[in-house]
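Naming: A, B, ... by sequence-line order, numbering from 1 per chain.
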Amino acid sequence: MLKRTHNCGELREQHVGQTVTLNGWVNAYRDHGEGLIFVDLRDRYGLTQLVFDTRDASRALLELADKIRNEDVVAARGVVRLRDGAPNPKLATGKIEIVVSECQILSKTAKPPFLPWDDKGQMPGEEIRLRHRYMDLRRPRMQEILAKRHRIAKVTRDYFDEMGFLEIETPMLCRSTPEGARDFLVPSRLQPGMWYALPQSPQLFKQILMVSGCDRYLQIVRCFRDEDPRADRQAEFTQIDLEMSFVDRDMVLDTMEGFARRLWKVVEGVDLPPFPRMTYREAMERYGIDRPDTRYGLEIVDVSSVARKSDFKVFTEALEKPRGVVKCIRVPGGADKLSRKITDGYSEWVRQYGAGGIAVTKVSATGGMESGIAKFVESIAGELVARMDARPGDTLLFAADPYTPCTKAMGELRQKVARDLNMIPEGKWNFLWVIDFPMFEFDAKTERFYALHHPFTAPTPEYVEQLMALDPKDHSPANVDRIESLLSAGYDMVCNGSEVGGGSIRIHRQDVQSQVFSLLGLSPEQAKQKFSFLLEALSYGAPPHGGIAFGLDRLVMHLCRTDNIRDVIAFPKTQTGADLMSQAPNLVDDEQLKELHVASTWTGDR
RNA sequence: GGGGCGGUAGCUCAAUUGGUUAGAGUCCCGGACUGUCGAUCCGGUGGUUGCGGGUUCGAGUCCCGUCCGCCUCGCCA
């Protein structure tokens, strides 16, 4: 074959006169008859125009060129010259062209399912793109994402290498551990009836690496959680997993903040300001969510104390319920932007989060209330306006429900209003740390505590002794309150309202770890059975340690400005866990199952 | 498991109130054309309207079921 001397994106005026060879795919051809044919040749680097002209070349060459079609793979040799016609300002190589003297069709294409063009209006549906992923990935946009993902992984390794981290691999075939997400299971051939689980994260292994004296660990690692996917979530995803020894929380946060700053400097060319820190409680109060988007206002205000004074039954009845609250969002100038139809829609929409609905009113020109629930809140109008710092023309949106659904609904509504009213500024990067999470949450239904982060998260130093003194079995309201008020040394890194990383200082004392297990309802026997290796490791001299895991896919999404996680994964899966290209999952031979000592209980059609 | 949206030539879409032989652009095939810029012009191939039932004189259109894709609630320590 004619081997390339250059790629399709690099030739410029300075190369004029050189004889070059290019290899690539035919992006487009313009056939002006037997005498003149243009071909745009494409590779990962760009587009270059080839010209076949009888004034420069043989009739046989033109006959070959006449057969060239979109997506054929072609090698062409010729001289670089300035274009005869006008230059094409849309192409980096637009001032030159290759006068082809020798050409080979290296591979003829079948009729393509679609052409890999970044056309706005003519993009194939996602199902088709995934089915023919090799075609889809040829699109310049997808090539750009693949390259950016590589760049991000490279910056990650470079930064942490400079900081003394070692990249160490951990097993993909692990034992299943309780709690957390559903595991993907792998049957053991050598040990009939036994199962491996694919890792949800290398959490325990990286902690044991700290006990092993590795000091600083890094891994860019695939993780698996068998839960339903979302637009920003796949069952199979990639973490940048990190752990450090002999550190406190601030040392970890500083190191990780430095990483994000480096990444954004290299990829975006921006200098991120220091990341503010916000407690979990403050995040929930002001933003109704543990990953606040601070790029816009619309903050949530608890107006329960004011609402209590009204005669409005929706408010007063909600406040009589356990943990009942009334919360309010002020939409500046909302009177002109939020129609009755829209706010009715919000009222319906928040029901999916367990709220009863949304009450609406507007601030009149005189500073009173008009429309919606105005007549019910007349008596408290002045106080509400003061509390919300409201101005004429503002709309007030209220939810009155028990604390959890009310907070959640307002948190989601805040984001929806911001999107609907185009209040989210472009080009802003608002990073922050959320800290001081509660360690445990009590679930009344199952009558037990759950770890908000995971069972290896340490309490903040000032809560250690309190934790140790508590009676894990006492589920009286007073004790539940005490346990729920324990704060952990966990932290989440949040970027523009999305959690890009989360971690904690870990428990390095065996007695503290045992106490946490018993609070989670694991007996010493159960804990030993499930985590004996960790407990044992911790007993042989564990350094204080902590770490974090970043969602690589999420970071790439931000830096590529897409809200579809499948765009940043070369071969992603659909909502039903299928790979539409390779047709996984699929049936296997009975023989394979037999070897694995496994039989399917599925009786439906296949 | 629940809710919502969608599925019509290879691809992107149209098809009035249920009414003629389901159209257009693009791709592909053939032809014309020597300076194009995801050329232009002429002609052509291409359809089990996701699948299975039902209602009807008549179904792409209405009803039921099912499959697939997307969004979402639950779930995601």
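Between the side chains of A/Thr562 and A/Asp567, at least one donor N or O sits under 3.5 Å from an acceptor N or O. Judged by distance alone, the side chains of A/Asn564 and A/Glu126 do bring a donor and an acceptor atom under 3.5 Å apart. Checked by atom type, the side-chain pair A/Glu525/A/Gln529 shows no donor-acceptor distance below 3.5 Å. Of the N and O atoms on the side chains of A/Gln207 and A/His545, at least one donor lies less than 3.5 Å from an acceptor on the other residue. Using modelled atom types and a 3.5 Å distance limit, the side chains of A/Ser347 and A/Asp344 yield no donor-acceptor pair. Under the 3.5 Å distance criterion, with hydrogens and angles disregarded, no donor-acceptor pair is assigned to the side chains of A/Ser201 and A/Gln239. A/Gln49 and A/Arg30 share a donor-acceptor pair across their side chains, judged by distance under 3.5 Å alone. In the model, A/Asp72 has no side-chain atom that pairs as donor or acceptor with a side-chain atom of A/Thr109 under 3.5 Å.
When heavy atoms are screened at a 4.0 angstrom cut-off, A/Arg81 is found touching base atoms of the nucleic acid. If you check every strand for non-hydrogen atoms under 4.0 Å, A/Leu520 touches nothing. Within 4.0 Å of A/Arg566, counting heavy atoms only, lie sugar-phosphate atoms of the nucleic acid but no base atom. Here A/Glu71 lies out of heavy-atom contact (under 4.0 Å) with every strand. Within 4.0 Å (heavy atoms only), A/Gly125 reaches sugar-phosphate atoms of the nucleic acid but no base atom. Note on A/Thr109: nothing from the nucleic acid sits closer than 4.0 angstrom, heavy atoms only. If you check every strand for non-hydrogen atoms under 4.0 Å, A/Arg182 touches nothing. Heavy atoms of A/Asn70 sit under 4.0 angstrom from primed sugar atoms or phosphate atoms, though from no base atom. Heavy atoms of A/Ile128 sit under 4.0 angstrom from primed sugar atoms or phosphate atoms, though from no base atom. Using a 4.0 Å heavy-atom cutoff across all strands shown, A/Lys67 reaches no nucleic acid atom at all. Among the protein residues, A/Glu126 comes within range of the sugar-phosphate backbone only, with heavy atoms under 4.0 Å from sugar or phosphate atoms but none that close to a base. Counting any heavy atom pair closer than 4.0 Å across all strands shown, A/Tyr353 reaches sugar-phosphate atoms only and no base atom. Contacts of A/Gln200 with the nucleic acid, taken as non-hydrogen atoms under 4.0 Å apart, are absent. Looking at heavy-atom distances under 4.0 Å, A/Ile37 makes no contact with the nucleic acid at all.
The partner of B/G69 is B/C5, judged by Watson-Crick or G-U wobble contacts that both fall below 3.5 Å. When both distances must be under 3.5 Å, the Watson-Crick or G-U wobble mate of B/G35 does not exist. Of the nucleotides present, none pairs with B/G46 by Watson-Crick or G-U wobble criteria with both distances under 3.5 Å.
Remark: the separation of the C1' atoms in B/U26 and B/U21 is 24 Å, to the nearest Å. Annotation: B/U12 and B/C27 have their P atoms spaced 15 Å apart (nearest Å). A distance of about 42 Å separates the P atoms of B/G69 and B/G31, rounded to the whole Å. A distance of about 27 Å separates the C1' atoms of B/G54 and B/G2, rounded to the whole Å. Atom name P, nucleotides B/U66 and B/G18: the rounded distance is 25 Å, in whole Å. As rounded to the nearest Å, B/G25 and B/A15 have C1' atoms that lie 15 Å from one another. Atom name P, nucleotides B/C51 and B/G10: the rounded distance is 12 Å, in whole Å. Nucleotides B/G60 and B/A9 are separated by 14 Å at their C1' atoms, to the nearest Å.
Side-chain proximity of A/Thr576 to the nucleotides B/G35, B/C71, B/G69 is greatest for B/G69. Each of B/C76, B/G35, B/U12 was ranked by its minimum atom distance to the side chain of A/Pro124; first place goes to B/U12.
Between the side chain of A/Arg225 and the base of B/C75, no donor-acceptor pair of N or O atoms lies under 3.5 Å.
Look at CG on A/Asp31: it is 10 Å from P on B/C33, rounded to the nearest Å. Rounding to whole angstrom units, CG of residue A/Asp226 and P of B/C76 are separated by 12 Å. Separating the CZ atom of A/Arg69 from the C1' atom of B/G10 is a distance of 16 Å, rounded to the nearest angstrom. If you take CZ of A/Arg139 and C1' of B/U12, they are 14 Å apart, rounded to a whole angstrom. Between the CG atom of A/Leu36 and the P atom of B/A32 there is a distance of 15 Å, given to the nearest Å. In this structure, the CZ atom of A/Phe114 is 23 Å from the P atom of B/G25, given to the nearest Å. The CG atom of A/Asp119 sits 16 Å away from the C1' atom of B/G10 (whole-angstrom rounding). Atom CD in A/Glu127 sits about 16 Å away from atom P in B/G6, given to the nearest Å.
Position along RNA chain B of the nearest nucleotide to A/Gln49 versus A/Glu227 favours A/Gln49 as the more 5'-ward residue. Summary of the strand contacts: A/Ala28 and A/Asp66 both lie near RNA chain B, and taking for each the nucleotide with the nearest heavy atom, the more 5' one is attributed to A/Asp66.
Under 4.0 angstrom from either OP1 or OP2 of B/U34 there lies no side-chain N or O belonging to A/Thr54. Taking 4.0 angstrom as the limit, A/Arg30 places none of its side-chain polar atoms (N or O) nearer than this to OP1 or OP2 of B/U36. Considering only side-chain N and O atoms, A/Arg233 lies nowhere under 4.0 angstrom from the phosphate OP1 or OP2 of B/C73. Distances shown here put a side-chain N or O of A/Arg230 below 4.0 Å from the OP1 or OP2 atom of B/C73. In terms of phosphate contacts, A/Lys111 brings no side-chain nitrogen or oxygen within less than 4.0 Å of OP1 or OP2 of B/U26. Contact between the side-chain N/O atoms of A/Tyr29 and the OP1/OP2 oxygens of B/A39 is not found at any separation under 4.0 Å.
Between the side-chain ring of A/Phe38 and the base of B/U36, a stacking contact exists by the 5.5 Å and 30° definition. Evaluation of A/His32 against the base of B/G35 yields no stacking contact (centre distance < 5.5 Å, interplanar angle < 30° required).
A/Tyr353 and A/Trp349 have perpendicular rings, their planes meeting at more than 60° on a 0 to 90° scale where under 30° would count as parallel. Using bins of under 30°, 30° to 60° and over 60° for the plane-to-plane angle, the ring pair A/Phe437/A/Tyr280 lands in the tilted bin.
Between A/Phe38 and A/Phe52, the distance separating the two ring centers is not shorter than 6.0 angstrom.
Using a cut-off of 4.0 Å between Lys/Arg side-chain N and Asp/Glu carboxylate O, A/Arg233 and A/Asp228 are scored as not salt-bridged.
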At a cut-off of 3.5 Å, list every protein nitrogen or oxygen paired with a nitrogen or oxygen from nucleotides 1-5 of chain B, distance to 0.1 Å.
unit_1: B/G1; atom_1: O6; unit_2: A/Asp228; atom_2: OD2; d: 3.3

